A.B. asks: 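Provided herewith is a single structure, encoded as structure tokens, for subsequent inquiry.
Nothing fancy with the numbering, it's 1 onward along the sequence. Remember, it's a predicted structure, so these values are computed and weren't measured experimentally.
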Amino acid sequence: EPYGFAVSSLTAVFSGSDFRQEWVSSPEHIFRDLERGVTYWVGVEVIDRAGNSAWSDTLSALTLTEKYYVEEEFEFYDEAFPGSSARVVVPAGTFGDNPVRGEVRDLEAAEAEKAAEADSALPGIRHVAGPRRYLIIDADGNPVSDFSGVPEGGIRMVFEFPEGLSRSDTDNLRIIKLEGENWRVIEEYDINRQERVIETALSGLSVYSLAVLPFETVSGVYVYPNPLKPGDPDYGSVSGGGAVIAGVPGGAYLRVFNIAGELVDEFKADKDATSFNWENAGGLASGVYILAVSHNGDTRVIKFAVVR
């Protein structure tokens, strides 16, 4: 054995100055505390037992775009959708001493086909961010498939949703996971409408999407603002001073009557609708009105008032 491992050093060029770090050599080394976007030049030198330089070479430049360390919490992002983003947070030590990083990918053809089939089972579903595959990549560049060592809920997924969603949309906003040819709705979540974020705790990663689910029954239909005060800025900002009918199943039939039972207005919701912006309400006279929403043989009746 002409050469042996001895005390070695790392010299990295950082912002034009040298930074030297000492360690005891071993066949592999984990570089710690490197920064994103910084180019590090790594020099390798072999020294014989007498301390003489026997061979040296300089490795190619490495520009760090992802964090690979596991001794601290790390995050990775998906910003592929306008007005929204996804952030995955992995706590320290989740994967032991193995250096890993996060990655987000478009769906492969087979996955995209399954996602489309899952959509067909939920007519009217609207994807806000996704579907996309979220991965943990090991130091060899391979996706991690074994999440058995991850504690329950040890990974957090946080979606930021766009400003344009209505209150009705956020009522049915969910993080969903592709399982086979179906979407599994994750019902354990926290939502902050003011900050426009929704998050959940996971024990592994797969194909996820943030979506507005269709309302399947009329049980959740409501009218706001109620009472409606057309022109009053404290009672909503619906175009034309009208009202919003929310929680509407796609294709539902809506009729509005006055207190005398006379038909005032009627319309059908679009098949992809979750809410209906009823501008004609802004022209109603003061009084009590009755909204009847019918869908798949069920009808919900709601009273609301107009005050001028």
A.B. asks: Does R196 offer a backbone N or O that forms a donor-acceptor pair with the side chain of N192 under 3.5 Å?
C.D. replies: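 Such a contact is absent between N192 side chain and R196 backbone.
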A.B. asks: Within the 4.5 Å heavy-atom criterion, are I136 and L205 side-chain neighbours or not?
C.D. replies: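 The answer is yes; the side chains approach within 4.5 Å.
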A.B. asks: Under a 3.5 Å distance rule, please check whether N258 uses its side chain to pair with a backbone N or O of A260 as donor and acceptor.
C.D. replies: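 Here the side-chain-to-backbone pair exists.
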A.B. asks: Quick one: does R156's side chain get under 4.5 Å of V88's, heavy atoms only?
C.D. replies: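 With C-beta onward as the side chain, the pair stays apart.
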A.B. asks: Heavy atoms, side chains only, cut-off 4.5 Å: are E199 and Y189 in contact?
C.D. replies: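 The answer is no; the side chains never approach within 4.5 Å.
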A.B. asks: In sequence, state the C-alpha distance, the side-chain angles, and the governing distance for R132 and Y208, and then conclude on side-chain hydrogen bond (donor to acceptor under 3.5 Å, both in side chains).
C.D. replies: CA-CA 6 Å; R132 301 263 275 165; Y208 292 90; over 6 Å; no
A.B. asks: Testing the 3.5 Å rule here: is there a donor-acceptor pair between the side chains of S286 and R308?
C.D. replies: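 The criterion, which ignores hydrogens and geometry beyond distance, is not satisfied for R308 and S286.
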A.B. asks: What distance do L202 atom CG and I175 atom CD1 have between them, rounded to the nearest 0.5 Å?
C.D. replies: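 Atom-to-atom, L202:CG and I175:CD1 are 7.0 Å apart.
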A.B. asks: Can you sort out the partners of D119 under salt bridge (Lys or Arg N to Asp or Glu O under 4.0 Å), two or more places apart, ordered by chain and number?
C.D. replies: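 So D119 forms no salt bridge (Lys or Arg N to Asp or Glu O under 4.0 Å) with any residue.
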A.B. asks: Hey, is E181 close enough to K114 for a salt bridge, meaning N to O under 4.0 Å?
C.D. replies: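 Answer for the salt bridge query: no.
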A.B. asks: Examine distances only and state if a side-chain atom of S294 and a backbone atom of T299 form a donor-acceptor pair shorter than 3.5 Å.
C.D. replies: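 Here the side-chain-to-backbone pair does not exist.
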A.B. asks: Would you say I155 and V89 make side-chain contact, with heavy atoms under 4.5 Å?
C.D. replies: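 Side chain of I155 against side chain of V89, heavy atoms only: no contact under 4.5 Å found.
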A.B. asks: Run the ring-ring contact (aromatic ring centres under 6.0 Å, His included) test against F304 and tell me which residues pass, sequence neighbours left out.
C.D. replies: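 Once residues adjacent in sequence are excluded, the partners of F304 under the ring-ring contact (aromatic ring centres under 6.0 Å, His included) criterion are W278, Y289.
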A.B. asks: If I take atom OH from residue Y134 and atom CZ from residue R87, how far apart are they, to the nearest 0.5 angstrom?
C.D. replies: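 Rounded to the nearest 0.5 Å, the OH-CZ separation comes out at 12.5 Å.
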A.B. asks: Could you tell me whether the side chain of P131 reaches within less than 4.5 Å of the side chain of L107, counting heavy atoms only?
C.D. replies: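 Counting from C-beta outward, L107 and P131 do come under 4.5 Å.
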A.B. asks: Would you confirm whether R174, through its side chain, and V212, through its main-chain N or O, come within 3.5 Å as a donor-acceptor pair?
C.D. replies: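 Flag not set: sc R174 to bb V212 has no pair under 3.5 Å.
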A.B. asks: Main chain of E108, side chain of E111: is a donor-acceptor contact present, judged purely on distance under 3.5 Å?
C.D. replies: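 Yes; at least one donor-acceptor contact below 3.5 Å.
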A.B. asks: The criterion is side chain to side chain contact (heavy atoms under 4.5 Å, CB included); which residues satisfy it with N296, sequence neighbours excluded?
C.D. replies: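 Checked N296 against side chain to side chain contact (heavy atoms under 4.5 Å, CB included); zero matches.
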A.B. asks: Taking atom CD of E187 as the centre, does the number of heavy atoms from other residues, nucleotides or ligands within less than 6.0 Å exceed 12?
C.D. replies: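 Atom CD in E187 is packed in, count exceeds 12.
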A.B. asks: Between R133 and D106, does any NZ, NE, NH1 or NH2 come within less than 4.0 Å of an OD or OE carboxylate oxygen?
C.D. replies: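 Answer for the salt bridge query: no.
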A.B. asks: Does any N or O in the side chain of R184 come within less than 3.5 Å of the main-chain N or O of E179, such that one atom is a donor and the other an acceptor?
C.D. replies: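 Here the side-chain-to-backbone pair does not exist.
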